[in-house]
Participant: 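This structure is in structure tokens; I'll ask about it shortly.
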Number of protein chains: 2
Amino acid sequence: MSSRTYGQYCGLVRAVELVGERWGLLIIRDLLVGPKRFTDLHRGLPGIPTNILSARLKELEQSGVVERRLLPRPESSVVYELTEYGRELEDIVMRLGRWGAKSLGDPNPGETVTPDSLVMALRTTFRPEAAAGIHRTFELRFGDIVLHAHVNDGTIAAGTGAAEHPDLIIETGPALKGLMAGELTPAEALQSGSVRVTGNPELLEAFVNLFRIDPKPVHAKA
Amino acid sequence: MSSRTYGQYCGLVRAVELVGERWGLLIIRDLLVGPKRFTDLHRGLPGIPTNILSARLKELEQSGVVERRLLPRPESSVVYELTEYGRELEDIVMRLGRWGAKSLGDPNPGETVTPDSLVMALRTTFRPEAAAGIHRTFELRFGDIVLHAHVNDGTIAAGTGAAEHPDLIIETGPALKGLMAGELTPAEALQSGSVRVTGNPELLEAFVNLFRIDPKPVHAKA
DNA sequence: CTGGATCCCTCACGATACTG
DNA sequence: CAGTATCGTGAGGGATCCAG
């Protein structure tokens, strides 16, 4: 049995062999936001060596998860995008993200936030059941990162870049997690200055109702 | 940035750091079937070194995914079981298994099948929408492995061990995958002898309707 | 400038032996 | 049964270099 395989004939094992390697799911996370060039991926995955990124992309291409496409001239560039099979991972990635977010404490020293991870965080934490009949556009600014979220009656469209006519602009930092997890009320966040808004401040209530991190179950120790 | 971390403050990253290490999700797969002793896990994960299993269990315990419990006397033994937080992975593991099963071809040489992986395969491929109003008990024999599945009106209860009063006993091998994927009809499977049944052979139709592997989307190559 | 390939080094993992 | 100890190997980390 070669390394990187598990010697079991099992669907989960195959899945882990396909996308469970180091960096694998993070590459897919970024590609879920949209097709990307090699350099874009490299920028979005701080610390990944180029040879590893290259190897992962080849493996994912080989297994039919990612497709490599050459852009027409004059771009003459290469983009990677998910195949239909790869896109089927979206729901799994979002659920994993929702699960893992419950274990997020404060950022560890040196941990960064990338635009794509924030986009996926918005999609992940979005609660359709709280968005019935709601039509709002938010612009979120996190450090240098600017992204937008259009909420339209149970659906979310989030992406990088500014919003055109936002109902509310939210400027924040790591405090965003506490806000979404309910550890910090909107009023407290605004008062402390860890979150600043442009627009009707009461819309921040709507925001935290739409995007939420559930609590991690407490573990009763024997 | 130490190895095994990714330097990103992101829910998905945290999830991958918690359960994305080699063998991690497979340990969780087996624990989803039920609490297990160290030796049981070792048996169910062919090829895992004991030090790695030991290390993974410690990490999973530390992060609140797995709980280590000492059985009362005279057992005086140790069992590992999922915490509530760990059990929240069930849906994700099943979806991953369903996704990966689409990439299963024929077993590679040396690949084995374990009892727990088969139990999870049944739970994973079960289609509740096809089970409305259906009450059946199946016994599945795969090599030396014997397991049961009670289907009760949209719900499935599968576990290791024989069924008490099975409506159908299915004896099979690797051909099971082709059967569930629709690459092989029940009639063909019975005729070729790759699947043998005890009971009403027509119930094999019901079985393949209840447990199914969807096809992998075809990838249109440019 | 993008899209990698190549190099070396390190550490996590694999295999085996051994212990409370 | 439930691990720990030891040691070798190969995948990953990091820097550099190269082709289009």
Participant: Applying the side chain to side chain contact (heavy atoms under 4.5 Å, CB included) criterion to B:Glu81, which one of B:Lys36, B:Arg69, B:Arg68 satisfies it?
Facilitator: B:Arg69

Participant: Rounded to whole angstroms, how far apart are CG on B:Leu71 and C1' on D:dC1?
Facilitator: 12 Å

Participant: Grab the CZ-P distance between A:Phe38 and C:dG4 for me, whole Å please.
Facilitator: 6 Å

Participant: Within less than 4.0 Å of OP1 or OP2 of C:dG3, is there a side-chain N or O belonging to A:Ser54?
Facilitator: no

Participant: On the nucleotide C:dA5, are OP1 or OP2 found under 4.0 Å from the side-chain N or O atoms that A:Lys58 carries?
Facilitator: yes

Participant: B:Leu45 has an atom CG; how far is it from atom P of D:dA2, in whole Å?
Facilitator: 15 Å

Participant: Measure from CG on A:Leu70 to P on C:dT2 and round the result to the nearest Å.
Facilitator: 16 Å

Participant: Could you pick out which residue, B:Ala55 or A:Thr50, lies toward the 5' side of DNA chain D when each is mapped onto its nearest nucleotide?
Facilitator: B:Ala55

Participant: Pick one: which of B:Val146, B:Thr198, B:Thr172 meets side chain to side chain contact (heavy atoms under 4.5 Å, CB included) with B:Arg141?
Facilitator: B:Val146

Participant: Atom CG of B:Leu57 and atom P of D:dC1: how far apart are they, to the nearest Å?
Facilitator: 16 Å

Participant: Under 4.0 Å: is that the gap between some side-chain N or O of B:Arg4 and OP1 or OP2 of C:dC11?
Facilitator: no

Participant: Return the 5'-most residue of the pair A:Asn51, B:Glu21 with respect to DNA chain C, ranking by each residue's nearest nucleotide.
Facilitator: A:Asn51

Participant: Charged N to carboxylate O under 4.0 angstrom, A:Glu61 versus A:Lys58?
Facilitator: no

Participant: Salt bridge or not for B:Arg14 and A:Glu111, using N-O below 4.0 Å?
Facilitator: yes

Participant: Is there a side-chain contact between B:Trp23 and the phosphate of C:dC13, meaning an N or O under 4.0 Å from OP1 or OP2?
Facilitator: no

Participant: With a 4.0 Å cutoff (strictly under), does any side-chain N or O of A:Tyr80 reach OP1 or OP2 of C:dG4?
Facilitator: yes

Participant: State whether A:Thr39 places a side-chain N or O below 4.0 Å from either non-bridging phosphate oxygen (OP1 or OP2) of C:dG3.
Facilitator: yes

Participant: Grab the CZ-P distance between B:Arg43 and D:dG3 for me, whole Å please.
Facilitator: 15 Å

Participant: Base, sugar-phosphate, or nothing for A:Arg56, non-hydrogen atoms under 4.0 angstrom?
Facilitator: sugar-phosphate

Participant: Is the shortest side-chain N/O distance from A:Arg68 to OP1 or OP2 of C:dG4 below 4.0 Å?
Facilitator: yes

Participant: In whole Å, I'd like the distance from the CG atom of A:Leu53 to the P atom of D:dG14.
Facilitator: 14 Å

Participant: Mind calculating the distance between NE2 (B:His42) and P (C:dA17) to the nearest angstrom?
Facilitator: 13 Å

Participant: Among D:dA2, C:dT2, D:dG13, which nucleotide has an atom closest to any side-chain atom of A:Ile52?
Facilitator: D:dG13

Participant: Run the salt-bridge test on A:Glu84 and A:Arg87 with the 4.0 Å N-O cut-off and return the result as yes or no.
Facilitator: no

